[in-house]
Structure formats: C-alpha cells, structure tokens
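Worksheet for the structure shown next.
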Number of protein chains: 2
Amino acid sequence: MINIIIADDHRIFIDGVKSLLDSQPDMKVVAIALNGNELLQVMKGTKADVILMDINMPELNGINATALIKKQYPETKVLVLSMYKTKEFSTALLHAGASGYLLKNTGLNELVNAIKMVHEGKKLLDDQLSTIKEKPRDESEKYTLSKRETEIIKLLAQGLTAPEIGEKIFISHYTVETHRKNLLNKLQLKNTAELIKYAAHLGLLDE
Amino acid sequence: MINIIIADDHRIFIDGVKSLLDSQPDMKVVAIALNGNELLQVMKGTKADVILMDINMPELNGINATALIKKQYPETKVLVLSMYKTKEFSTALLHAGASGYLLKNTGLNELVNAIKMVHEGKKLLDDQLSTIKEKPRDESEKYTLSKRETEIIKLLAQGLTAPEIGEKIFISHYTVETHRKNLLNKLQLKNTAELIKYAAHLGLLDE
DNA sequence: AAACAAATACCCCAAAAAGGGTATTGGTAA
DNA sequence: TTACCAATACCCTTTTTGGGGTATTTGTTT
C-alpha cells in the first residue's frame, strides 16, 4: 500500500486525482494540502510514502517545499507535477531532491506507474524532457529564492517597473534592478520576460 | 441528465473531473477534448449541454474557442475554468459568450452547482471576481487575437526582443514593436510583463 | 470594386532594462 | 567572534521598451 499526499492549490484537481488514485488497489491518499506550508504542517501528523507535488503553489512554491521536505523527511519520495515543460525546473527539482517530474498532460496510467516507480526508489523524468542536456553546474548553486527575491519577482510579474517597485517597498530603484539582475543570473534567465514566465511556473502570478 | 464535454489539455485533470462528474446522478461526461480545435471536431458528432472549458489550451485558446462555439452552437452553455483570477478574462469571456467563469481552486460541490446553474441559463461569476468593476467599453471591441498577434505574443513570451523577433520571422523590428503596442492597447495591458502574464493565462508559454 | 481589418513600416523622444561592474551594511549561523 | 549570505546602494553605457504618433500595402469580405 502506497500512502500518498497530494499538494496542489487546485481543489478540483485534488478531488479528481484523489478519486482516481483511491480506486487503485495499492494506493491510498492519506492527506491533501493546498500549499507548501500546509503540506509541511500536514506531514507532521501524517506519514506518507509519496508526495504528489504541484510545482505551482502559493506561499511556498514546489521547489522550495521539495527542498525542505527532503531535508526533514529524506525517505519520502516527491513526485512533482507541472503544467510546463521547462528545463529550468527539471534541473532545479533534481537539485532540490525530487524523485520525479511529470507533466500534467500525462494520463492516469502514467501517473500510477510514476508513483510506483518513485516509490521503488527510481528517478523519473517525463519522457518529453529526456533530451534535455544537463548543464555543467557548480554543485553549490541554488535555485531557492530568498524572501526578498520572491517579493521582487512577484512585483515584476505584476508589471511594475523597477522605479515603481522601489517606491512601493521603500528601497532604491538601483536595489530593485540589482535584485532583478541577481535573479536573472541565479536562474540563468536572459531577461524580464523569462523571469515573468518563471514566475508563472511558480504560481506567483496574481499574488 | 446534463451532457458535458470537458476540454482541457491536462489529461490528469480530465480523467479526475470525469470520474467525479460521472458519479453525479444527473450528469454524464459524453466526450473530452485536449484543445480547442479538437473540441470543435468533437462537437460535430456529439451533443452537449455544457462545455467545461479550460481557458489555457494550446492551438485554439479558450477565449477564441468560446466565441466560435457560441456562434455555431448558441444553445450550448460554456463554463470556463481558469487557474487565474484576472479581470481581463472575465470581461473577455463574457464578451465571447461564456455563461460562467470559475477558478480551478474551487471544490467539487461548487463545480457541480455551477454546471447546474449555467445549464439552467444563469450567468455565473466566481465569487472571488464579484467585485470587479465592469469597464466602460465600446461593444465593438474584440479580445480575439489575429494569427500574427498570437505569433508575436508567443515569441515575446519566449523572451525574444523585438529585434530578435524581426530577424527570426523576417520583418522589421519596427513592425514587431507596432504589434506589441497594438497588443498592449487591444488587451489594455500596460507593458510586456503584463503581456507575458496574459500569454501564461492563454497557455501560450512554452510553445 | 469598395470597405475594412490585418500587416507592414517608420519617426521622435523619454524611460526603463540590460550588462558590466563596484561597494557597504545587516542578519544569521557556526 | 567570524564567516557568509542577503540586502542595499551606486556608477557607466548600450539596448530595448513605451508612448506618442504617422503612413502604405495586402488580404479578405461584401
């Protein structure tokens, strides 16, 4: 019996997937969480073998949540679901300790197989990502965003300019621009448009 | 008995929601479609009372698809689902003829109620959008994007600059900038960041 | 053929972003 | 206390974007 927690901010999705998985003979959804923080709370009282983690959640995003969970519960497997086929995330997630990464456009059979595979300790990448070239990378590199970085990326994603952001949160526009540059470097993105896209992936739009 | 078609590019979502709705005594999912074009094909052979439409689909997005469906099947009700709480969309969707707009973070009971309400002919807005001020608007205004506009927005969303896009599709960078300005005006957005966000909502990222 | 919308192209100027840095201070963990 | 990271702040220059237009051509529909 594989005990599963589903973490996703889309209630309909949770209810649907729960219904599907509970009808599998060897799987049981033991808890749900609507965001990363709630997931950490839930895990204090519930043992799970596999976390089905949406990357796209408010408050604590899937990447940061995965990193925290693997630190506190190293035996628990994290299978990440995303809408997007994006190479930045597969790398970031592998570094964070996820066991697998699957697109939401896959079907139930693949999902069930994926859960079983990561439960057995296998690493799993969605087939559609299998041709991604692994970037040469310094192991100390991190993808987790600081609080300020998260705040800045959110405000940029709202369409505010650096001067507007500086005025809003009472810092110099130079500082905002420095944060933006740091974000672009850290995440290996080439401009603000890619940064907004990344924010979309992290579920930071409309916050 | 309410006959329903689900249109969404996320197979897991479809399977899950289908499972949930098929267990309702007065509802039946009679078909599914993974994108707007497939939906139009499916509807040629299948009668449905309510379309459950994800706004976020490749090829033919939810707004354009809704407009086409209401023209060809005026009796069919369209209930749109989106991840995002965005005022641009509620307005665009009402103009396109949708009967309702619901966030994916609502639960099953709300979804079931919403389907029943739109089936009865009611207009439905998600509670969370109820405070949106209706913009004074010329009725002739349109939110549907031309092919070129869609192409430009996709390329911008990939992080390409206007000069890069011009070089890529063999037009002047001036033309690209004009398209961008036209898009911003048409969609009443204030800058490229908001345009990328809009592209995210339309599912145009990573295409 | 006429009308209209889409596509194309350009100009001007100001503001912002990008790309290259530099540096100091504050907060936290060891 | 020390070391390290995050946050803050600034400079310079070039490129791009945004905001204001202008105009012509092409394609489609009536």
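Every value quoted in this text rests on a predicted model; they were computed, and no experiment measured them. Residue numbers start from 1 in every chain, and the chains themselves are labelled A, B, ... in the order their sequence lines are given, proteins ahead of strands.
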Touch class at under 4.0 angstrom, heavy-atom based, for B:Lys181 against every strand present: base

Separation of D:dT16 C1' from B:Asn191 CG (nearest whole Å): 13 Å

Ion pair check, A:Lys186 and A:Glu149, cut-off under 4.0 Å: yes

Distance-only donor-acceptor test, B:Thr178 side-chain atoms vs C:dC10 base atoms, 3.5 Å: yes

Nucleotide D:dG18, atom P - distance to NE2 of B:His173 in whole Å: 15 Å

Phosphate OP1/OP2 of D:dT15: any B:Thr161 side-chain N/O under 4.0 Å: no

Residue from B:Lys123, B:Lys116, B:Lys122 passing salt bridge (Lys or Arg N to Asp or Glu O under 4.0 Å) with B:Glu120: B:Lys122

Closest nucleotide among C:dT8, C:dA17, D:dA7 to the B:Ile171 side chain: C:dT8

Distance below 4.0 Å between B:His179 side-chain N/O and C:dA7 OP1 or OP2: no

Nearest-nucleotide pick for B:Ala162, side chain only, options being C:dA17, D:dT17, C:dA9: D:dT17

For atom CD of A:Glu164 and atom C1' of C:dA15, their distance in whole Å: 11 Å

Length of the CD-P vector between A:Glu177 and C:dA15, whole Å: 14 Å

Contact under 4.0 Å: A:Thr175 side-chain N or O vs D:dA9 OP1/OP2: yes

Sugar-phosphate only, base, or nothing, as touched by A:Ser172 at under 4.0 Å among non-hydrogen atoms: sugar-phosphate

Residue whose closest nucleotide on DNA chain C lies nearer the 5' end, B:Glu149 versus A:Ala193: B:Glu149

Nucleotide C:dG19, atom C1' - distance to CG of A:Leu195 in whole Å: 15 Å

B:Tyr174 OH - D:dT15 P separation (whole Å): 14 Å

Pairing of B:Lys104 and A:Asp9 as salt bridge, 4.0 angstrom limit: no

Stacked cation flag A:Lys18 on A:Phe13, 6.0 angstrom / 45 deg: no

Length of the CD-P vector between A:Glu194 and C:dA18, whole Å: 10 Å

Atom-to-atom span, CG of A:Asn185 to C1' of C:dG19 - whole angstrom: 9 Å

Expected output: side-chain B:Thr46 to main-chain B:Val42 donor-acceptor under 3.5 Å: yes

